[in-house]
Amino acid sequence: HSRYCLHVTSGLWDLQHGCAAEAGCYGDRFAIRVNDLTPDLPAPVTAIAWRAGRDPSMEAIRRDLGLPP
């Protein structure tokens, strides 16, 4: 009676190294490779920001674009 809905995910994505040898690999269906998975604009979501109704991702984008907060 929790009203939670859970979904099983069985697909794999590895855009850095590829995963064609693994069953259920979706990432190798596209010609996409990345060298690094480090975000260009770090914007960690914290419990404090979430509880305050803030969106650190959008704040980081606005700062990067030089827009007012």
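Numbers here simply count residues along the sequence, with the first being 1. Predicted model only: the values in this text are computed from it and were never measured.
- Residue W13 places its CH2 atom among more than 12 non-hydrogen atoms of other residues, nucleotides or ligands, all under 6.0 Å distant.
- When all heavy atoms of P42 and P39 are compared, the closest pair comes out as CD-O, 4.2 Å.
- Scanning for side chain to side chain contact (heavy atoms under 4.5 Å, CB included) contacts around L6 gives an empty result, with sequence neighbours left out.
- Crowding of D36 atom CG: a count of heavy atoms from other residues, nucleotides or ligands under 6.0 Å exceeding 12.
- L12 and L15 are assigned to two separate hydrophobic clusters, defined by single-linkage of ILVMFWY side chains at heavy-atom distances under 4.5 Å.
- Here the closest heavy-atom approach between residue N35 and residue Q16 is recorded as O-NE2, 2.9 Å.
- Scanning for side chain to side chain contact (heavy atoms under 4.5 Å, CB included) contacts around D64 gives L41, with sequence neighbours left out.
- Across A60 and A43, no two heavy atoms sit closer than the pair CB-CB, 3.9 Å.
- No more than 12 heavy-atom neighbours from other residues, nucleotides or ligands sit within 6.0 angstrom of CD1 on I48.
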